[in-house]
Protein chains: 2
Amino acid sequence: MLINELAKRTGITAHTIRFYEKSGLIKGKRDENIKSNNYFHYDEETVEKLELIVDAKAIGYTINEISELIDAWYSNKFSKVEKLAFLDEKLISLDQKIKDLKEMKNLISQYKKDVLDGKC
Amino acid sequence: MLINELAKRTGITAHTIRFYEKSGLIKGKRDENIKSNNYFHYDEETVEKLELIVDAKAIGYTINEISELIDAWYSNKFSKVEKLAFLDEKLISLDQKIKDLKEMKNLISQYKKDVLDGKC
DNA sequence: TACAACCAAAGAGTGTGGTCTATAGTTGTA
DNA sequence: TACAACTATAGACCACACTCTTTGGTTGTA
């Protein structure tokens, strides 16, 4: 699959995909049989990764965090134990974020009460 | 209270406080009795606002969103109905964010299972 | 009165995450 | 074979949220 098909399938522009490639989040391969061009070819795993990137960005993960997450999942850079430790860390910080969001909900609910009571 | 005391109390640098002031999030007042200088003076409300800013930033709110939130709470720019509508909107988007975070938790838990099962 | 610590305002610089432009080459269809 | 549509690379540009520097002045303590 070439970059334009990948872009269509994921809804991410070719530009941004190239940016992610440059940032090390994904990796296309050249086809060695084709010498007339230098095009990148992408596989299904890349589609999965881009979907993960979209989700992770939505919750505020940085490119760097996403890169680590992809490594924990797809690469063999880390041992089983290291991968599990990293993923546990992510789960804990997600719980913290959820807690923070709930606190903000309480705060805003309090604001609402005060507005209703004409306190401001 | 002058800027340095405000900085100490909130843990935000004077520089950043001036940046927030320039961005319209907070407003110091000049003391009209003092003509030898042009220093800003801050009240307790500003401390509250800065604490709100810290919390809101932690959950990923932009300066602009925080500015709107402060207006919804402290200013008289908006009617009661407008304030309530705005705050309800914020509550809904917070719920969405919590949902997104929970989805990411599920995803990462699945990754953990796969790592445990030696699937990657 | 020297001087460190403080203050304001303007503007330059930084890092992140894109987004766009320019250039140059390749491919597929009419 | 003309030409639209595709590709890569490099680098410019953007908004955001700071962060730091410069300049010039004020205040409080020894």
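Sequence lines set the chain letters: A, B, ... in the order given, protein chains first and strands last, and positions in each chain run from 1.
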Reckon [X] has a side-chain N or O less than 4.0 Å from the OP1 or OP2 of [N]?
X: K22(B); N: dA10(C); answer: no
X: Y20(A); N: dG18(C); answer: yes
X: R18(A); N: dA8(D); answer: yes
X: N37(B); N: dT27(D); answer: yes
X: S36(A); N: dT27(C); answer: yes
X: N4(B); N: dC6(C); answer: yes
X: T16(A); N: dG17(C); answer: no

Measure from the side-chain N and O atoms of S23(A) to the backbone N and O of L25(A), and report whether any donor-acceptor pair falls under 3.5 Å. no
Between the main-chain N or O of K105(B) and the side-chain N or O of S109(B), is there a donor-acceptor pair closer than 3.5 Å? yes
Map Y39(A) and T62(B) onto DNA chain D by nearest heavy atom, then report which one ends up closer to the 5' terminus. Y39(A)
To the nearest angstrom, how far is N64(B) atom CG from dC18(D) atom C1'? 15 Å
Calculate the interatomic distance between N38(B) atom CG and dC7(C) atom C1'; express it in whole Å. 9 Å
Need one value for Y61(A): base, sugar-phosphate or nothing, where a base atom within 4.0 Å counts as base even if backbone is also close, heavy atoms only. nothing
Pair E44(B) + R9(B), salt bridge at N-O below 4.0 Å: yes
Do the charged groups of D71(B) and K83(B) touch, with an N to O distance under 4.0 Å? no
Is there a donor N/O on one and an acceptor N/O on the other, under 3.5 Å, for the side chain of H41(A) and the base of dT7(D)? no
